Q: 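Here it is, the structure in full.
Note that the structure is a prediction, hence the values are computed from the model and not measured. In listed order, ligands and their atoms are each counted from 1.
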Amino acid sequence: MKKLEQLYEGKAKKVFATDDPELVIVEYKDDATAFNGEKRGTIVGKGVINNKMTNYFMRLLSESGIPTHFVRELSDRETLVRRVDIVPLEVIVRNIAAGSFSKRYGVEEGRVLGRPTLEFSYKNDALGDPLINAYHAEALSLATPEEIARITEYAFKINDILRDFLTQCGITLVDFKLEFGKTSSGEIILADEISPDTCRFWDAKTGEKLDKDRFRQDLGNVEGAYREMARRVLG
Ligand code: TMP
Ligand code: ASP
């Protein structure tokens with residue numbers, strides 16, 4: 001598989017073309033940002049951990065019937081994935097109140113929610129990824145009703161699978177963000193990453209934060225938290 005020109009550079013990853021128009025290579029960086037890029041830093045080793053953890057979760061999910069973009073891990077930081085058009089919605093699933101949910105609704109962090117919840121943000125950095133509902137997403141042609149129904153179904157199923165797996169690792173899955181893509185044939189598949197950058201992981205016993213909140217909130221030992229998550233998930 002030939003790595004050709006760079007197609008895109010995001011805050012945490014780069015995407016490269018290959019000699020197959022249906023496949024691209026994702027390369028994970030150690031760069032970290034928060035608050036829509038206002039806070040910047042480096043988390044040494046993060047790219048390797050996020051690459052390997054994402055791939056582990058993608059395999060686990062695809063074994064449970066979730067279609068994903070994952071094709072093959074190429075190196076510590078590089079993975080071959082199916083080329084998709086990203087649906088411009090951040091799909092956020094929550095089991096426990098934290099982050100923007102706690103702030104918006106005045107709910108103390110750590111409150112177990114009465115049911116898993118789902119929300120969408122419009123993926124638009126210039127607007128700061130505002131919260132958006134399904135009617136608005138359809139009205140703006142960001143996704144069709146059928147696509148939103150499929151994404152919702154997958155998101156809750158992914159929550160069940162990840163929660164069960166992480167429980168066995170001694171980790172509480174607080175919340176996470178997913179992105180879906182559309183293949184050239186119109187199929188909706190899971191894309192992007194599932195990592196400590198995009199999930200809240202708490203130690204089930206102590207409640208210690210083992211995710212990017214350590215960077216966002218200047219809690220220290222950011223690298224150690226990523227390494228601990230890698231140890232728990234990847235062994
Ligand atoms: P929030 O509580 O800040 O809305 O975050 C919800 C989840 O989404 C949390 O697990 C972190 C993740 N997330 C991202 O992956 N990217 C983002 O840009 C933001 C704001 C949150
Ligand atoms: N990645 C996001 C940003 O820099 C924010 C976050 O993950 O908190 O905009």
Q: Give the contacting part of Asp197 toward ligand 1: side chain, backbone, both or neither, where contact means a heavy-atom distance below 4.0 Å.
A: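 Within the 4.0 Å criterion, Asp197 contacts ligand 1 through backbone atoms alone.
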Q: Under a 4.5 Å side-chain heavy-atom rule over Ile, Leu, Val, Met, Phe, Trp and Tyr, are Met53 and Leu166 clustered together?
A: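 Yes, it is one cluster - the side chains of Met53 and Leu166 are joined through contacts under 4.5 Å.
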Q: Side chain, backbone, both or neither: which part of Lys212 comes within less than 4.0 Å of ligand 1 when only heavy atoms are counted?
A: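 For Lys212, no heavy atom sits under 4.0 Å from ligand 1.
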Q: What side chain to side chain donor-acceptor pair (under 3.5 Å) pairs are there with at least one residue in residues 125-136, not counting sequence neighbours?
A: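 Every side chain to side chain donor-acceptor pair (under 3.5 Å) pair that includes a residue of residues 125-136, provided the two are not neighbours, is Lys11-Asp125.
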Q: Are Asn55 and Thr79 linked by a side-chain donor-acceptor pair shorter than 3.5 Å?
A: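 Short answer, yes.
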Q: What residues form a ring pair (Phe, Tyr, Trp, His ring centres under 6.0 Å) with Tyr56, not counting sequence neighbours?
A: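 For Tyr56, the residues satisfying ring pair (Phe, Tyr, Trp, His ring centres under 6.0 Å) (neighbours in sequence not counted) are Phe165.
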Q: Any protein heavy atom lying closer than 4.0 Å to atom 14 (C) of ligand 1?
A: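 Yes; the ligand atom in question has protein heavy-atom contact below 4.0 Å.
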Q: Taking non-hydrogen atoms only, is Arg104 closer than 4.0 angstrom to ligand 1 via side chain, backbone, both or neither?
A: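 No part of Arg104 is near ligand 1 at this cut-off.
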Q: Do you see a donor-acceptor pair shorter than 3.5 Å between the side chains of Glu22 and Ser184?
A: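 There is such a pair (donor and acceptor under 3.5 Å, judged by atom type) between the side chains of Glu22 and Ser184.
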Q: Is atom CZ of Arg59 surrounded by more than 12 heavy atoms (other residues, nucleotides or ligands) closer than 6.0 Å?
A: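 Check passes, neighbour count above 12.
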Q: Using a cut-off of 6.0 Å, state whether more than 12 heavy atoms not belonging to Lys29 lie near its atom NZ.
A: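 Counting other residues, nucleotides and ligands, NZ of Lys29 exceeds 12 neighbours.
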Q: What protein heavy atom sits nearest atom 11 (C) of ligand 1, and how far off is it?
A: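 Looking at atom 11 (C) of ligand 1, the protein heavy atom closest to it is Arg216 NH2, 3.6 Å.
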Q: List the residues meeting ring pair (Phe, Tyr, Trp, His ring centres under 6.0 Å) with Phe101, not counting sequence neighbours, and say none if there are none.
A: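 So Phe101 forms a ring pair (Phe, Tyr, Trp, His ring centres under 6.0 Å) with Tyr105.
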Q: For Arg150 and Thr144, which I'm curious about, is there any donor-acceptor pair between the side chains at under 3.5 Å?
A: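 No.
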Q: Is it the side chain (CB and beyond), the backbone, both or neither of Cys199 that lies under 4.0 Å from ligand 1, heavy atoms counted?
A: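 The answer is the backbone of Cys199.
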Q: Quick one: look up the protein heavy atom nearest atom 4 (O) of ligand 1 and list residue, atom name and how far away it is.
A: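 Protein heavy atom with the smallest distance to atom 4 (O) of ligand 1: Ser100 OG, 2.5 Å.
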Q: Would you say Glu119 and ligand 1 have an N/O pair spaced under 3.5 Å apart?
A: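 In fact, backbone or side chain, Glu119 has no N or O that close.
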Q: Could you tell me, atom by atom, which parts of ligand 1 come under 4.0 Å of a heavy atom of Phe176?
A: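 Once the distances to Phe176 are compared, the set is 10 (O).
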Q: Does one side chain, of Asp164 or Thr167, offer a donor that lies under 3.5 Å from an acceptor on the other?
A: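 Looking only at side-chain atoms, Thr167 and Asp164 do not form any donor-acceptor pair under 3.5 Å.
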Q: Could you tell me the residue and atom name of the protein heavy atom closest to atom 6 (C) of ligand 1, and the distance to it rounded to 0.1 Å?
A: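 Atom 6 (C) of ligand 1 sits closest to the protein heavy atom Arg200 NH1, 3.6 Å.
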Q: Between Thr18 and Leu23 (side chain of the first, backbone of the second, donor and acceptor by atom type, cut-off under 3.5 Å), is there such a pair?
A: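 It does hold such a pair.
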Q: Asp197 and Tyr226: side-chain donor and acceptor closer than 3.5 Å?
A: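 Distance-only check passes for Asp197 and Tyr226.
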Q: At the 4.0 Å heavy-atom cut-off, does Lys103 count as touching ligand 1?
A: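 Checking ligand 1 against Lys103, which is what was asked, there is no heavy-atom contact under 4.0 Å.
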Q: Under a 4.0 Å heavy-atom cut-off, what residues line ligand 2?
A: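 Residues within 4.0 Å of ligand 2: Lys11, Thr33, Ala34, Phe35, Asn36, Gly37, Lys212, Arg216.
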Q: Can you tell me the protein heavy atom closest to atom 18 (O) of ligand 1 and the distance?
A: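 The protein heavy atom lying closest is Glu90 OE1, 4.0 Å.
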Q: What's the shortest distance from atom 16 (N) of ligand 1 to any protein heavy atom, and which residue and atom give it?
A: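 It is Lys177 CE, 3.8 Å.
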Q: Identify the closest protein heavy atom to atom 7 (C) of ligand 1: which residue and atom is it, and at what distance?
A: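 Closest protein heavy atom to atom 7 (C) of ligand 1: Asp175 OD1, 3.6 Å.
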Q: Gly99 heavy atoms, cut-off 4.0 Å: which ligand 1 atoms fall inside?
A: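 Within the 4.0 Å cut-off of Gly99, ligand 1 contributes 2 (O).
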Q: For Ser195 and Glu193, which I'm curious about, is there any donor-acceptor pair between the side chains at under 3.5 Å?
A: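 Side-chain D/A pair, Ser195 to Glu193: present.
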